[in-house]
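Residue numbering restarts at 1 for every chain, and letters A, B, ... go by the order of the sequence lines.
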Amino acid sequence: MKPAEQYQRLTHSLHWDPTYVSEDAYIPEEWRTACTMPDWKKFNDPFQILFEDYVRIQAEKEDKFHAVRDAGARFGHIGRVDPRWVEAMKSFNTALTYSEYYNYRGHVRVARFAPAPAIRIASMVQAMDERRHAEEAIYQARDYVKHHKSGFLLPRDRIAFFERHWYFQGDRSFFEDLITTDPIEAIIGTNLVFETAFTNLLFIAAPAAGVANGDFGFGQAHMTIQSDETRHMALGQAVARAMLQNDDTNLELIQDWVDKWFWRCHRLLLAVVGPVLDYFPKVKPISYREAFQRYVVEDFIQGYVSELSQFGLKPPRHLDQALAELEHGSHTIWRDLYASRNSLWFDVHQPTAEDIEWLNEKYPSFDAVHGDYWRAVADGADMQADSLPMVCDICHFPCTFPEPKTAVALPVDYEGDRYWFCSEGCKWIFEREASKYKRTIEPSALLLGDKDPTWIAQFLNISPDGTPLGGTAAPEGYFPAMPVPATI
Amino acid sequence: MSTKVQRSVVGIELMAGEECDAIVSAVLDDIPHASVVHVPGMVQLDVPDRLVIHASAVENYLGREWDTRDLNQVVSAYRGYFTRWDQEQVVLSWDADDQGDEPHV
Ligand SMILES: [Fe+2]
Ligand SMILES: [Fe+2]
């Protein structure tokens, strides 16, 4: 059988239109896409991967990943990873493990509810990829636990932290939003915006930093993760193109989704990956701003978005605001983290003289804006936050951007409640779909505001010095960032 | 320069190693001024407008058979569209209809 014929059998031949059940039973309204296509069955995934090739290639990727892990354990590389980098991994691995797992859940849903057979099979394959990524992150954690003297913890021992600490609510709310969207929005948000524009910051720039600091396992894991991403990106690009090409009524939706996910990705990555490139590592091969310029501005905006402009697509509506924040964003979030360092299980260090020199070189206004803060720290100022930061009701990061002195906090009143946003971008996202984002729980600042430190420590399942207590018995109660429907 | 995009550069970022070296050498034969940048663990290969990887040229450098499907094992990032990916050629281009080169001899 020829590959094209085999692919046909795997996708289109596996699809049938139901005749015994109604459309509603087949794809419930809430999961049905608002996009239209003259014939969804005509859509083809550019990769057209065959299952047997997929299995063979992925098995080889896994073998290589485990070979690097084995070598790291055998020859002691893991134990020699620079300690500052392992602190980065305590933060990053916490966000990543669950994010990959969320993505797995999201793609299983797209595989079930997407209208095109080719999208369904590609999403099924992607769900397996995401599951692999989550498991690689867990293996990585296991390696640090076993071979590095840094007090690393397995994901199960820091779940309360991911669910409850303010720093991780941005990541959690991002993915809970992403896996509860229209299925085509899920593809645009994940495959086009997140994976094409932003994952290179996670999986290319971050592993380059990891390798530079001795973490070969992280380098291998992330480069192999990103090699799956090439398939996902191609799907996102093809779906966007097909939607724009075949029906111009889709343009407004696609544009809105690009705008929304561009801003959400920008905020999340700035806050989570910014410190991983600009602060944690001792050896810093690339700054967050340089990586953003290469992958987001040059590749995504000046490449893909500009190519799709022939169909009417415009650059993301808050692009200029995102660019304006890059000069200060990672420094701002590092100061927020430093002020909360007693409730974090990773070490948020005071930048060394070498760090400061590098920061000044990469960010020309660093000294003018942040220099005094770190000089005060050097002179013995404590800088301990006495309350939790006020967080944005969309991105769930503190309202401290672009930098603390000129911080933005925009109010919106909706159904009798006042909501606050860190930026025009987050405010716009809220106003477009207020009923999705209206508050279902108290924001952490209010929830924890009048509580004594012992209660807060218990809430986060940490000891008074910020170390998670571990174990699977997380404290009572679950606080989702937003309600996740039971159907996923 | 392609008029399709503001910045007409296509490229791939490859996991460093034997396959990466062979692919880079094969591309440099066709495009001697391609930009090749080494970063920790990876090589970034960028060229103007379009990039064609001929399997036969890669095989020559590797000294063994090479299945283009295995490119997925070593490509970590790319810019441009993959407009063709079959046994002979892998094409990255900003022209969505680019069907690659005449066969190499
Ligand atoms: Fe993933
Ligand atoms: Fe926000």
Side-chain angles (χ1 to χ4, degrees), chain A residues 3-4 46-50 53-54 56-58 60-61 64 195-196 199-200 203-205 207-213 215-216 218-220 222-231 233-234 237-238 241 245 283 285-286 294-295 297-310 315, chain B residues 1-20 35 37-51 53 66-88 90-99:
Chain A
F47 259 86
Q48 307 207 351
I49 193 156
L50 298 177
D53 288 338
Y54 175 76
R56 178 183 63 81
I57 291 171
Q58 298 305 98
E60 284 178 29
K61 288 181 186 177
K64 288 174 187 166
E195 298 188 307
T196 304
T199 54
N200 290 326
F203 298 127
I204 304 277
V211 172
N213 290 279
D215 196 344
F216 307 135
F218 180 77
Q220 185 69 21
H222 282 242
M223 287 175 213
T224 143
I225 288 176
Q226 194 65 3
S227 73
D228 292 352
E229 234 69 8
T230 56
R231 267 187 282 108
M233 293 173 198
Q237 293 152 12
R241 208 182 167 79
Q245 228 168 2
V283 184
I286 187 167
R294 177 170 177 88
Y295 297 111
V297 176
E298 292 177 4
D299 289 359
F300 185 66
I301 304 294
Q302 297 174 358
Y304 298 103
V305 173
S306 105
E307 202 275 334
L308 292 171
S309 69
Q310 62 183 304
Chain B
M1 269 317 220
S2 164
T3 52
K4 309 226 175 240
V5 284
Q6 219 178 322
R7 182 175 181 273
S8 188
V9 172
V10 300
I12 47 178
E13 304 192 0
L14 298 153
M15 273 190 241
E18 289 296 327
E19 279 166 311
C20 164
S35 149
V37 176
H38 292 261
V39 293
M42 257 172 303
V43 174
Q44 302 173 328
L45 173 66
D46 284 337
V47 303
D49 298 324
R50 70 194 286 271
L51 169 78
I53 299 171
W66 182 69
D67 187 332
T68 56
R69 285 175 295 190
D70 288 345
L71 182 63
N72 183 249
Q73 300 226 25
V74 289
V75 173
S76 287
Y78 65 93
R79 45 196 64 79
Y81 294 118
F82 283 110
T83 58
R84 174 175 169 182
W85 190 321
D86 60 24
Q87 280 137 327
E88 282 91 46
V90 178
V91 181
L92 255 180
S93 175
W94 283 117
D95 174 358
D97 300 318
D98 191 334
Q99 279 313 299

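Of all heavy-atom pairs between N200(A) and A77(B), the closest is OD1-CB, 3.3 Å. Here the shortest heavy-atom pairing between V5(B) and Q302(A) reads CB-O, 3.7 Å. Taking every heavy atom of both residues into account, S76(B) and I204(A) meet most closely at CB-CD1, 3.3 Å.
Using a 4.5 Å cut-off between heavy atoms, D86(B) does not touch chain A at all. With a threshold of 4.5 angstrom between heavy atoms, Q58(A) approaches chain B through side-chain atoms but not through N, CA, C or O. With a 4.5 Å cut-off on non-hydrogen atoms, F300(A) does not touch chain B at all. At a 4.5 Å heavy-atom cutoff, E229(A) makes no contact with chain B through either its backbone or its side chain.
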Please walk me through it: do N72(B) and K61(A) pass side chain to side chain contact (heavy atoms under 4.5 Å, CB included)? CA-CA 10 Å; N72(B) 183 249; K61(A) 288 181 186 177; 2.8 Å; yes
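Note that the CZ atom of R69(B) and the CD1 atom of I49(A) stand 9.0 Å from one another [nearest 0.5 Å]. Here OH of Y78(B) is found 6.0 Å from CE of M233(A). Values are rounded to the nearest 0.5 Å. In this structure, OG on S227(A) lies 11.0 Å from CG on L14(B), to the nearest 0.5 angstrom.
Sparse packing is recorded around CD of Q87(B), with 12 or fewer heavy atoms of other residues, nucleotides or ligands lying under 6.0 Å away. The environment of CD in Q310(A) is crowded: more than 12 heavy-atom neighbours from other residues, nucleotides or ligands sit within 6.0 Å.
Qualifying side chain to side chain donor-acceptor pair (under 3.5 Å) partners for T83(B), counting only residues two or more places apart in sequence or in other chains: none. Among residues two or more places apart in sequence or in another chain, the ring-ring contact (aromatic ring centres under 6.0 Å, His included) test is passed with W66(B) by none.
Considering Q73(B), M15(B), E13(B) as possible partners of M223(A), the one that fulfils the side-chain contact (heavy atoms from CB on, under 4.5 Å) test is M15(B).
Residues D46(B) and E298(A) have side chains not in contact (no heavy-atom distance under 4.5 Å, counting atoms from C-beta outward). For the pair D70(B) and R56(A), the minimum side-chain heavy-atom distance is below 4.5 Å.
Chain B forms more heavy-atom pairs under 4.5 Å with one residue of A208(A), P285(A), A209(A) than with any other, namely A208(A).
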